[in-house]
Q: 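The structure under discussion is supplied below as structure tokens; questions concerning it will follow.
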Amino acid sequence: MCGIVGLISKNTADDLALSLNKVSHRGPDDSGLFVYENLGLGHRRLSILDLSENGHQPMISDCGNYVLIFNGEIYNHLEIRTKLNSKYKFKSQSDTETLLYGFIEFGSAVLQMLNGIFAFSIFNKQTKELFIARDQFGVKPLYYYADESLFWFGSEIKSILPLNFQKDICSMALVNYLTFLYSPGERTPFKKVLKLLPGHYIKLKIDAPINYTIHQYYDIPFDGKLSSKTEEQLIDDLEQKLIKAVERQMLSDVPVGFFLSGGLDSSCIVAIAKKLHPEKRFNCYTIKTNDGQDMQEGFANDLHYARMVAQHLDVNLIEVESTVDIVNDFDKMIYHLDEPQADQAPLSVLQICTQARKDGQIVLLGGTAGDDLFSGYRRHQALRMEKYIKFLPCLLYTSPSPRDRG
């Protein structure tokens, strides 16, 4: 991941340095600042594609008119380049440069071409227009804030904390956190710090940033019509889409490894990667708790499944011993997540990533949300049994009240 920060203020250079410093952990490989009049753009880089200085950001076009900061990865950027090669001379193999000249050529229409995860901003010196966009499904974070004296956007809320902004608490966001364990939509704990929604972009003039406008460029297509394909055809289509997705996301100039919990989602991704590259023995990481024994309170340990998958696919399984101390580590977790969180799983992810980084493993692919989509949890097995359970007399599967116990 990389980190981006942009702002328009009276003390642009000083504010930008303070703000960017707060996300230094997102980019250990490089950093850059760009200041033009009251606008500041900053970037922290984690190098994945084209590790050379040619991938440095903020990236400025050859004509000197356009400036880009970008967090993410464009999986089909080489395909987009084929439409640009005849007109633009590329200096790097980075998707950043493809995005820059793609925007220069196609404007906001380039968003319809992008297959990837991204949050980026492009400034046009000639028109003094700032363009800020987030990917179709909101995988990459992007927050923004606007008042009469400050316009700010960034990868993490914490990068606005050193600045002078209105810190009023959003009560509805707090209700969301308590009700849903997260806050859907735009709201964050701060009333005026908002999330740019997935599939949206912001346009503004740096001379009048408070007059920004928000536009939607993507929505999940659904016309209510059911597919006429057979089940076998749908399965084949899904398999091809999954293979293509994994193949695209393995595009990297640094080593690619995998999370492997033993669940349906991560196991599927590792299996596809092995199918694409049978000669490679990938490094896979899993967390080890309680010496591999089942945990209490009805939770099962999936370590033995991860071991079975690793043996079957002939990949290296690195078992990271869990040393999570939820009492001492909770504040650290919330600091990095920016928003309230009711699951300690990110602490295990942090431990895995720390070990992977020590091993020189820069990129890890995971299957977050795959179990939800493909019924990979044990609760889904219970749902299959519901049609039988509902015919049982209720006394057989409900606890009697104290009065009934006599």
Side-chain angles (χ1 to χ4, degrees), residues 1-8 16 19-20 23 26-27 29-34 36 39-50 54-61 65-78 80-81 84 88 90 92-125 127 129-145 151-156 159 194-204 206 209 212-218 251:
M1 67 180 173
C2 297
I4 63 173
V5 166
L7 54 85
I8 300 170
L16 181 62
S19 187
L20 187 62
V23 292
R26 297 183 69 93
D29 299 324
D30 191 17
S31 66
L33 300 171
F34 170 84
Y36 180 84
L39 170 70
L41 300 175
H43 184 265
R44 295 289 313 201
R45 185 186 184 194
L46 175 65
S47 303
I48 295 176
L49 290 176
D50 194 334
N54 291 328
H56 175 79
Q57 296 186 47
M59 184 175 284
I60 302 175
S61 62
N65 189 50
Y66 295 88
V67 185
L68 166 69
I69 52 174
F70 164 51
N71 168 34
E73 192 168 7
I74 308 300
Y75 305 127
N76 64 334
H77 87 97
L78 293 177
I80 296 174
R81 274 202 183 193
L84 303 169
Y88 301 95
F90 290 91
S92 74
Q93 295 300 314
S94 72
D95 50 352
T96 305
E97 193 175 14
T98 303
L99 178 59
L100 174 61
Y101 289 107
F103 183 86
I104 293 172
E105 181 68 17
F106 303 110
S108 62
V110 75
L111 295 170
Q112 307 297 338
M113 305 176 185
L114 302 180
N115 182 301
I117 52 178
F118 53 84
F120 71 85
S121 177
I122 292 184
F123 174 60
N124 183 331
K125 289 183 182 179
T127 63
E129 186 172 84
L130 188 66
F131 183 92
I132 308 164
R134 190 179 183 195
D135 64 70
Q136 294 91 333
F137 298 103
V139 177
K140 287 299 181 182
L142 191 62
Y143 301 91
Y144 70 98
Y145 169 94
F151 181 92
W152 165 93
F153 67 92
S155 299
E156 298 187 12
S159 67
L194 302 174
K195 288 174 273 191
L196 181 60
L197 293 177
H200 286 67
Y201 65 85
I202 295 173
K203 290 178 68 175
L204 61 88
I206 65 170
Y212 68 90
T213 58
I214 298 179
H215 310 264
Q216 183 174 6
Y217 72 89
Y218 178 83
L251 181 66

Q: Minimum heavy-atom separation for Ser155 to Asn71, with atom names?
A: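 That closest heavy-atom pairing would be OG-ND2, 4.0 Å.
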Q: Which residues pass the ring pair (Phe, Tyr, Trp, His ring centres under 6.0 Å) test with Phe131, not counting sequence neighbours?
A: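 For Phe131, the residues satisfying ring pair (Phe, Tyr, Trp, His ring centres under 6.0 Å) (neighbours in sequence not counted) are Phe103, Tyr201.
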Q: Kindly write out the residues that satisfy ring pair (Phe, Tyr, Trp, His ring centres under 6.0 Å) with Phe123, not counting sequence neighbours, or none if the list is empty.
A: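 Tyr36.
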Q: Looking only at non-hydrogen atoms, find the nearest pair between Pro198 and Gly138 and report the distance.
A: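 Heavy atoms only, the tightest pair is CB-N, 3.4 Å.
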Q: Who passes salt bridge (Lys or Arg N to Asp or Glu O under 4.0 Å) against Glu156, sequence neighbours left out?
A: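 Glu156 satisfies salt bridge (Lys or Arg N to Asp or Glu O under 4.0 Å) with Arg26, Lys158 once adjacent residues are dropped.
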Q: Measuring centre to centre across the rings, with the benzene-like ring taken for any Trp, is Tyr101 within less than 6.0 Å of Tyr66?
A: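 Centroid distance Tyr101-Tyr66: not below 6.0 Å, so no.
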Q: Tell me the closest heavy-atom pair linking Phe118 and Ile74, and the distance in Å.
A: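 Looks like CD2-CD1, 3.8 Å.
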Q: For residues Cys2 and Arg45, report the shortest heavy-atom separation together with the two atoms involved.
A: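 Where Cys2 meets Arg45 most closely, the heavy atoms are SG-CA, 3.8 Å.
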Q: For Arg44 and Gly27, which heavy atoms make the closest approach, and how far apart are they?
A: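 Where Arg44 meets Gly27 most closely, the heavy atoms are NH2-O, 2.8 Å.
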Q: What distance separates Asn76 CG from Asn115 CG, expressed to the nearest 0.5 Å?
A: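 One gets 5.0 Å once the value is rounded to the nearest 0.5 Å.
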Q: Does any pair with a residue in residues 103-125 pass salt bridge (charged side-chain N to carboxylate O under 4.0 Å, His left out), and if so which ones, sequence neighbours excluded?
A: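 Matches after skipping sequence neighbours: Lys87-Glu105.
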Q: Go through the structure and list residues passing ring pair (Phe, Tyr, Trp, His ring centres under 6.0 Å) with Tyr75, not counting sequence neighbours.
A: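 Partners of Tyr75 by the ring pair (Phe, Tyr, Trp, His ring centres under 6.0 Å) criterion come out as none, since no residue qualifies.
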Q: Nearest 0.5 Å please: distance from the NZ atom of Lys203 over to the CD1 atom of Ile132.
A: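 CD1 of Ile132 is found 12.0 Å from NZ of Lys203.
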Q: Can you pull out every salt bridge (charged side-chain N to carboxylate O under 4.0 Å, His left out) where at least one residue sits in residues 133-144? Sequence neighbours excluded, please.
A: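 Residue pairs with at least one partner in residues 133-144: there are none.
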Q: Under a 4.5 Å cut-off applied to non-hydrogen side-chain atoms, are Ser94 and Asn54 in contact?
A: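 SC-SC contact between Ser94 and Asn54 ruled out.
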Q: Distance from His77 atom NE2 to Asp95 atom CG, nearest 0.5 Å?
A: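 Between atom NE2 of His77 and atom CG of Asp95 there are 5.0 Å.
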Q: Would you call Glu97 and Arg81 a side-chain contact if the rule is heavy atoms closer than 4.5 Å?
A: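 The answer is yes; the side chains approach within 4.5 Å.
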Q: Nearest 0.5 Å please: distance from the NE2 atom of His200 over to the CD1 atom of Ile214.
A: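 Here the rounded value is 7.5 Å.
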Q: Which atom pair, heavy atoms only, marks the closest approach of Ser159 to Val23?
A: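 Looks like CB-CG1, 4.0 Å.
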Q: Decide side-chain contact (heavy atoms from CB on, under 4.5 Å) for Leu142 and Ile4; before the verdict, give the C-alpha distance in whole Å, the side-chain angles of both, and the deciding distance to 0.1 Å.
A: CA-CA 9 Å; Leu142 191 62; Ile4 63 173; 4.1 Å; yes
Q: Are the side chains of Val67 and Leu39 in touch, meaning some heavy atoms are under 4.5 Å apart?
A: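 The answer is no; the side chains never approach within 4.5 Å.
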Q: Which residue is it: Leu7, Leu194, Leu41, Val5? I am looking for the one with a side chain to side chain contact (heavy atoms under 4.5 Å, CB included) to Phe153.
A: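 Filter result, single survivor: Leu41.
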Q: Is the side chain of Gln136 donor-acceptor paired with the backbone N or O of Leu114 at a distance under 3.5 Å, no angle test?
A: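 Yes, because the side chain of Gln136 sits within donor-acceptor range (under 3.5 Å) of the backbone of Leu114.
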Q: Rounded at 0.5 Å granularity, tell me how far CZ in Phe90 sits from CG in Leu100.
A: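 Nearest 0.5 Å value for the CZ-CG distance: 8.5 Å.
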Q: Can you tell me how far CG of Leu130 sits from CG of Asn124, rounded to the nearest 0.5 angstrom?
A: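 Taking CG in Asn124 and CG in Leu130, the distance rounds to 10.0 Å.
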